[in-house]
Amino acid sequence: MDRLLIGTGLLLTSLMCVACQTTPTPPPNVGQTGGRMDPTHGARSELGYPGLRAQDLVTATDQMAMDIASRLDITNRNDPPRIFIGEIENQTSQPTQNYQVFLNRLRSVLMSSGARNGLEMRRERDFVETQRSREFGNQDPAKAAGTYQSDNEYVLTCIVQDLPTPYTNYFLLEYQLVQLVDFAESGPNLGAGAIVWSNFYEVKYQ
């Protein structure tokens, strides 16, 4: 009986070892393919998704940057207009979607191209005051956040809208450069509230 138990135990141990050797190692958790792809192309996981995608982001912001940089009535290398990026205006049927990337990428493209000499891009006052307060606090009144006075003259914004139907989705992105002050010291001067530049990008899915 003892020999039988010992033999059975050895057999089970051998089978377990064989199972350990033949069980495949699970693949790493890296998504469908684990590889990167060109942002201007769609992924398999996006197939059938009727919304704004990475290729729309790249195409739209590249087109807008090229257009505004070519507008000599907007850009001025000797006296560039002072501009900050506003908040995206989401007027789509999904108001909780955050499309701010469509403005932030445009700013990055403008600042990384030759157009930066004709446009002075700045951060908004709330951001500047918060960072100055974190850095200087009230230790030095000359550097306190309360002493900061914004001299931005224009805001670059974008309105996102859609026109959904049961079978198609249409998206419109209208970019605007809006004057904030009555008498701008640099750049175009059409009065406060005037849209001094505008262009749009549109896409439709079915």
Side-chain angles (χ1 to χ4, degrees), residues 30-75 81-116 118-124 126-127 152-180 184 187-188 190-206:
V30 292
Q32 289 186 344
T33 64
R36 293 173 180 258
M37 61 183 302
D38 188 340
T40 60
H41 293 76
R44 293 197 304 267
S45 59
E46 295 176 312
L47 184 63
Y49 173 69
L52 295 172
R53 306 178 186 176
Q55 59 263 47
D56 298 310
L57 169 65
V58 174
T59 303
T61 51
D62 283 352
Q63 289 180 358
M64 296 304 108
M66 184 179 301
D67 183 62
I68 195 172
S70 65
R71 288 282 299 271
L72 297 180
D73 56 331
I74 303 296
T75 61
R82 297 183 286 270
I83 305 168
F84 77 95
I85 296 295
E87 294 185 2
I88 205 82
E89 299 179 55
N90 183 358
Q91 298 180 9
T92 68
S93 56
Q94 296 182 346
T96 58
Q97 291 279 9
N98 187 353
Y99 295 111
Q100 191 66 29
V101 65
F102 281 87
L103 276 173
N104 292 342
R105 188 179 188 278
L106 175 57
R107 175 179 57 197
S108 297
V109 174
L110 287 171
M111 293 301 294
S112 63
S113 67
R116 64 174 301 167
L119 296 171
E120 186 173 335
M121 308 297 296
R122 298 185 174 189
R123 289 300 302 264
E124 64 277 10
D126 287 346
F127 172 84
N152 290 324
E153 301 165 305
Y154 305 90
V155 57
L156 186 60
T157 186
C158 179
I159 303 173
V160 185
Q161 297 173 306
D162 63 357
L163 186 63
T165 70
Y167 301 103
T168 65
N169 270 340
Y170 168 86
F171 289 89
L172 173 69
L173 287 81
E174 182 193 3
Y175 289 86
Q176 298 178 353
L177 182 64
V178 182
Q179 186 171 341
L180 299 176
L190 301 179
I195 301 174
V196 300
W197 170 84
S198 178
N199 203 341
F200 68 93
Y201 172 83
E202 59 185 342
V203 63
K204 182 177 181 180
Y205 294 100
Q206 65 179 3

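Take V155 and apply the side-chain contact (heavy atoms from CB on, under 4.5 Å) test, not counting sequence neighbours, and it matches F84, V178, L180. A search for salt bridge (Lys or Arg N to Asp or Glu O under 4.0 Å) contacts involving R123 returns nothing, not counting sequence neighbours. Looking at residues two or more places apart in sequence or on another chain, you find no salt bridge (Lys or Arg N to Asp or Glu O under 4.0 Å) involving D126. Applying the side chain to side chain donor-acceptor pair (under 3.5 Å) test to Q161 and every residue at least two apart in sequence or in another chain returns Q91. Legend: residues meeting side chain to side chain donor-acceptor pair (under 3.5 Å) with Q100, ordered by chain and number and at least two apart, are absent. When the side chain to side chain donor-acceptor pair (under 3.5 Å) test is applied to D73, the partners found at least two apart in sequence or on another chain are R71. For N90, the side-chain contact (heavy atoms from CB on, under 4.5 Å) partners two or more places apart in sequence, or in a different chain, are T92, Q97, Y99. Partners of D56 by side chain to side chain donor-acceptor pair (under 3.5 Å), not counting sequence neighbours, listed by chain and number: Y201, Y205.
Using a 4.5 Å heavy-atom cutoff, the side chains of P81 and L119 are in contact. Taking 4.5 Å as the limit, some side-chain heavy atom of L103 sits within range of a side-chain heavy atom of Y175. Put simply, the side chain of L52 reaches to within 4.5 Å of the side chain of V160, judged on heavy atoms. Put simply, the side chain of M64 reaches to within 4.5 Å of the side chain of W197, judged on heavy atoms. Looking only at side-chain heavy atoms (C-beta outward), Y170 and T165 stay at 4.5 Å or farther from each other.
Within the structure, every pair that satisfies the salt bridge (charged side-chain N to carboxylate O under 4.0 Å, His left out) test and touches residues 93-111, not counting sequence neighbours, is listed here: D62-R105. Counting only residues at least two apart or in different chains, salt bridge (charged side-chain N to carboxylate O under 4.0 Å, His left out) contacts with residues 196-206 are absent. Sorted by first and then second residue, the salt bridge (charged side-chain N to carboxylate O under 4.0 Å, His left out) pairs involving residues 89-98 (not counting sequence neighbours) form an empty list.
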Taking it one step at a time, do N199 and I68 satisfy side chain to side chain contact (heavy atoms under 4.5 Å, CB included)? CA-CA 9 Å; N199 203 341; I68 195 172; over 6 Å; no
Stepwise side chain to side chain contact (heavy atoms under 4.5 Å, CB included) check, N152 with I83: CA-CA 6 Å; N152 290 324; I83 305 168; over 6 Å; no
Using the side chain to side chain contact (heavy atoms under 4.5 Å, CB included) rule, take I195 and L177 through it: C-alpha gap first, then chi angles, then the decisive distance, then the call. CA-CA 6 Å; I195 301 174; L177 182 64; over 6 Å; no
Which is it for L173 and I159 under the side chain to side chain contact (heavy atoms under 4.5 Å, CB included) test, yes or no, and what are the steps along the way? CA-CA 6 Å; L173 287 81; I159 303 173; over 6 Å; no
With salt bridge (charged side-chain N to carboxylate O under 4.0 Å, His left out) as the test, would you mind laying out the steps for R82 and E120 before giving the verdict? CA-CA 5 Å; R82 297 183 286 270; E120 186 173 335; 5.3 Å; no
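Exactly one residue among L110, L106, N104 makes a side chain to side chain contact (heavy atoms under 4.5 Å, CB included) with I85. That residue is N104.
Side chain of Q179 to backbone of G191: a donor-acceptor contact under 3.5 angstrom is found. D162 places a side-chain N or O within donor-acceptor distance of the main-chain N or O of S93, the cut-off being under 3.5 Å.
Interatomic distance, CZ of R53 versus OG1 of T59, reported as 12.5 Å (0.5 Å rounding).
E174 approaches S198 most closely through the heavy-atom pair OE2-OG, 3.3 Å. What you find for C158 and I88 is that their closest heavy atoms are CB-CD1, 3.4 Å.
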